[in-house]
Amino acid sequence: MNLYTCSIDLANDAKALAFAHAVSEWMGFLQAEGVIGHWRLYRRKLNLASDSHRDFILHIEVADLAQLDRAFRLSGSHDDHVATLYSAVNTLIAQEEFGLYRPFPDPERAERMALL
């Protein structure tokens, strides 16, 4: 299992509960389509964090890079329903940072691999 993390600050006029609802709708759709596994939204507590930490963290589990690729492809589709769900989340975000993590140590030891 791989973990795609999103650190998020909301736009100034965005409401946290509206954001949480929009994320739930979007992630639920992606999960129902089978392009992500489990997901979880966290919010900073008691403002206890350094300046480099955003207000929200979204963790999304994907089985492998192929599943993540399917999620990106679906997100970029021209389907009106997909665009509406995606936009409902994206328009509430001011800043975001992303990262992809894997369990470690792992059997692939990707940092030692190369194609050439």
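Quick caveat: nothing in here was measured; it's all calculated off a predicted structure.
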Smallest separation among heavy atoms of V62 and V35, with atom names: CG1-O, 4.1 Å
Residue pair S50, H53: steps toward the side-chain hydrogen bond (donor to acceptor under 3.5 Å, both in side chains) verdict: CA-CA 6 Å; S50 69; H53 288 83; 2.7 Å; yes
Could you check whether any side-chain heavy atom of D79 comes within less than 4.5 Å of a side-chain heavy atom of H81, counting everything from C-beta outward? yes
With side chains defined as the heavy atoms from C-beta onward, is the minimum distance between I60 and L68 less than 4.5 Å? no
Note, V89 side chain near F19 side chain (heavy atom, < 4.5 Å): yes
Quick check: closest heavy atoms across A16 and F56, and the distance to 0.1 Å? CB-CZ, 4.0 Å
Taking all atoms of both residues into account, what is the closest heavy-atom pair of I36 and A71, and its distance? CG2-CB, 4.2 Å
ILVMFWY cluster, I57 and M27 together (side-chain gap under 4.5 Å): no
Over all heavy atoms of both residues, which pair between M1 and A63 is shortest? Give the atoms and the distance, please. SD-N, 3.8 Å
Any side-chain hydrogen bond (donor to acceptor under 3.5 Å, both in side chains) involving residues 90-99? Give me the pairs, sequence neighbours left out, ordered by first then second residue. R54-Q95, R54-E97, Y86-N90
Answer with yes or no whether the hydrophobic clustering places L41 together with Y101; edges join I, L, V, M, F, W, Y residues whose side-chain heavy atoms lie under 4.5 Å apart. no
Do you know the tightest heavy-atom contact between L3 and H59? CD1-CB, 3.6 Å
Regarding H21 and S24, is there a side-chain donor-to-acceptor distance under 3.5 Å anywhere? no
Check ring-ring contact (aromatic ring centres under 6.0 Å, His included) between Y4 and all other residues, then give those that pass, not counting sequence neighbours. F72, F98
Exercise: identify the closest heavy-atom pair between S75 and L30: OG-CD2, 4.4 Å
